[in-house]
Colleague: 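Structure in structure tokens, see below.
Reminder, nothing fancy here: chain letters follow the sequence lines and each chain counts from 1.
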Number of protein chains: 2
Amino acid sequence: MAGRAPTIADVARVAGVSVPTVSRVLTGAIPVSAKRRELVERAIQELGYQPNAAARALVSGTRSMVAVLAANTSRYGYAKTVEGIEEAARAAGYMVVITVVETAEQDAVRTAVAMVLSHSVAGVIVLDFDEPGHAALTALPQSVPVVVAAAAQSRAIKLPRAFLADQRGAREATAYLLGLGHETVHHIALPSSGRRGGRTAGWSAALQAAGIRPPKHLTTTWNPLDAYELAKSLAADPSVTAVLAGNDEVAAAVLRAMTEQGRSVPGDVSVVGFDDQPIASLVTPALTTVAQDFAELGRQSFTLLERSINGQESQQTVSVPTQLIIRASTGPRRD
Amino acid sequence: MAGRAPTIADVARVAGVSVPTVSRVLTGAIPVSAKRRELVERAIQELGYQPNAAARALVSGTRSMVAVLAANTSRYGYAKTVEGIEEAARAAGYMVVITVVETAEQDAVRTAVAMVLSHSVAGVIVLDFDEPGHAALTALPQSVPVVVAAAAQSRAIKLPRAFLADQRGAREATAYLLGLGHETVHHIALPSSGRRGGRTAGWSAALQAAGIRPPKHLTTTWNPLDAYELAKSLAADPSVTAVLAGNDEVAAAVLRAMTEQGRSVPGDVSVVGFDDQPIASLVTPALTTVAQDFAELGRQSFTLLERSINGQESQQTVSVPTQLIIRASTGPRRD
DNA sequence: CTGAAAGCGCTTACAG
DNA sequence: CTGAAAGCGCTTACAG
């Protein structure tokens, strides 16, 4: 393309000072006379000089990138978390590099981790939302600061962690449904990284607290069509009057399956989603859902990482609350 | 954290060879005897050595990162495009670093561009979906390979470009609606980077080809609630019998506004979305929509970028086709 | 095929 | 406050 980018030596030459002097005005640590400082600044302007991050990282160990390791980057919760990380990182002067870990298989995990490690990042945030994410977590060496962003508390790993209080959210939503007079609440879970996701645990806890034996929960994939098939079996069962879905898409699938089966929502059955995606208020009926602030999860994760990078250990775990948003898909049990 | 990462010098020492020899087995360009190669490989294994990408980039100019500049990373089309880019980049051995350009204001744009430039990336892909993206495009210097991923053809900028054939998709969808007997088609557009987005242009062209004067189109924001407000005004107008929405979320808003107004879909009004997000088949009625393959757009963009990086200029523009998916939200005009 | 030397663009002690 | 020197971890000619 065009000529090579200007270097610090070019700036020094134009400004008529030494290379270290330019470096000093750049880093700002060591004092430089006002006169030379101005000369240097002018030269930088004139040449459109940009410091070379690679050289800088090489010599000073100053890292200006953080990596995020995730199994996916486009699904709502994942994308929003990445967005929050990027926002906080950018505000702090870091760039974010993303690497997806497609599966939990050793090869995929190793390749991803090796890539990240070779790029001398300041730290890495792992989206421990699923098996691949969790596998990546365990494959990371101690040599780099790591924080985990999780969709649930749990896991014994000793690492700073930000998590969504989805267990509590599920408990509250379930209790709310029970309070509406439903005799039990059915649950369709999403695949998760734990033996049992936080939402499923919260749902189960709420039922048990009410003295109700949790019905067997169903587990679906990330493909809403699979959720739809599962939902049809629920729709065929007249004892099902309240459903807690793993996320809003699953909830939409339930809405549709119920409607097709001639069961009205919320007249015959109440449905609660998870996430509060933008579409949640637009489906018919508008979805009651447990709002999760993924962007905040991302921001908090970065804050934790920044602390770790700076050697401040401080608070190890931060929880991001959920909020039950009641709309039109839930109502009292009809006798 | 732990001790410093092993360097090429450590590997050389353990293997009992010189540093350049290690480098040679690493890069693979220059032949090395089988014996030493094996010694080196064993040492690499033993030490868990990872080449330092910064040092490598510094000396050889070998870049292993590509940047994506975008106004947003979490909305469906944006996130899917990034996903496609990441997938293709990873397969080719590149990492992707993302930077969001929040607004088209000079400050935001400059900061983002400077960040990217200082990180010696091999190239950059700009998501020219909106004003900030477009501003970033014009702020990028000639010194780095750039390709544009766009939601529409257009723009005179002389750069390799992959674009979604959304103009054609909108034209087909509009013609389909007209073929159903609707006298005209109304349109709610999303904000776009052009004076007039591809979808709007395609819609307008189809109407004109049929000798129909396009009604004034409405423009909404990315917030589905705004689309919902707009949709209410359309719902109140009995002459509206067919609506082409800017994307599936807008279409969901239209569905809801119509239903609330007592106008049935598709009995009274037909609605077509754009994107075919997973939720499209789950809303009620299932949405007829123009499917757009954003992931493919991302992959194609990367392929173009890779060519540019390797100095092969070849084909400058690639178009990713859309596909009209007919479901239940559209039907013949009822008299 | 292999090693000693030079150098990528920067920052950090070291002497003034 | 400032410049000459050394060195970060690598790769690329240069000589063998």
Colleague: For the pair B:Gln300 (side chain) and B:Val320 (backbone), establish whether a donor and an acceptor sit closer than 3.5 Å, ignoring hydrogens and angles.
Modeller: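 Pair absent, no side-chain N/O of B:Gln300 close to backbone of B:Val320.
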Colleague: Mapping B:Pro51 and B:Arg24 to their closest nucleotides on DNA chain D, which lands nearer the 5' end?
Modeller: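 Nearest-nucleotide comparison on DNA chain D picks B:Pro51.
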Colleague: Which is the 5'-most and which the 3'-most nucleotide of DNA chain D that has an atom under 4.0 Å from a heavy atom of chain A?
Modeller: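 Endpoints of the contacted stretch of DNA chain D: D:dC1 to D:dG9.
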Colleague: Looking for any heavy atom pair under 4.0 Å, which part of the strands does A:Ser23 touch: base, sugar-phosphate only, or nothing?
Modeller: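 The residue A:Ser23 makes base contact.
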Colleague: Any chance you could measure A:Leu39, atom CG, to A:Arg42, atom CZ, to the nearest 0.5 Å?
Modeller: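 Rounded to the nearest 0.5 Å, the CG-CZ separation comes to 6.5 Å.
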Colleague: In Å and rounded to the nearest 0.5 Å, what is the CD1 to CG distance from B:Ile8 to B:Leu47?
Modeller: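 It comes to 12.0 Å.
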Colleague: Tell me the ring pair (Phe, Tyr, Trp, His ring centres under 6.0 Å) pairs involving residues 60-83 of chain A, sequence neighbours left out?
Modeller: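 Checked against ring pair (Phe, Tyr, Trp, His ring centres under 6.0 Å) - neighbours excluded - the pairs reaching residues 60-83 of chain A are A:Tyr78-A:Phe129, A:Tyr78-A:Trp222.
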Colleague: What distance do A:Gln106 atom CD and A:Thr111 atom OG1 have between them, rounded to the nearest 0.5 Å?
Modeller: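 Reported to 0.5 Å precision, the distance equals 10.0 Å.
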Colleague: Say you draw a straight line from NZ of B:Lys80 to CG of B:Leu297; how long is it, rounded to the nearest 0.5 Å?
Modeller: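 Here the rounded value is 12.5 Å.
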Colleague: List DNA chain D stems (3 or more consecutive Watson-Crick/G-U pairs, under 3.5 Å)?
Modeller: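 Correct response: C:1-3 with D:14-16, C:5-12 with D:5-12, C:14-16 with D:1-3.
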Colleague: At what distance, to the nearest 0.5 angstrom, does CD of A:Glu296 lie from CD of A:Glu87?
Modeller: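 The distance works out to 9.0 Å.
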Colleague: How far does CE of A:Met65 sit from CE of B:Met65, to the nearest 0.5 angstrom?
Modeller: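 Spacing of CE (A:Met65) from CE (B:Met65) equals 4.5 Å.
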Colleague: For DNA chain C, whose closest nucleotide is more 5', that of B:Ala55 or that of B:Pro31?
Modeller: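 It is B:Pro31 whose nearest nucleotide is closer to the 5' end.
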Colleague: Which residues, if any, of residues 9-22 of chain A bring a heavy atom under 4.0 Å of DNA chain D?
Modeller: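 Correct list: A:Ser18, A:Pro20, A:Thr21.
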Colleague: Which pairs with one or both residues in residues 92-117 of chain A pass salt bridge (Lys or Arg N to Asp or Glu O under 4.0 Å), sequence neighbours excluded?
Modeller: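 Sorted pair list: A:Glu102-B:Arg90.
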Colleague: Please list all pairs meeting ring pair (Phe, Tyr, Trp, His ring centres under 6.0 Å) that have one or both residues in residues 79-114 of chain B, counting only residues at least two apart or in different chains.
Modeller: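 Residue pairs with at least one partner in residues 79-114 of chain B: B:Tyr94-B:Phe302.
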Colleague: Need one value for A:Thr62: base, sugar-phosphate or nothing, where a base atom within 4.0 Å counts as base even if backbone is also close, heavy atoms only.
Modeller: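 Nothing, no nucleic acid heavy atom in range.
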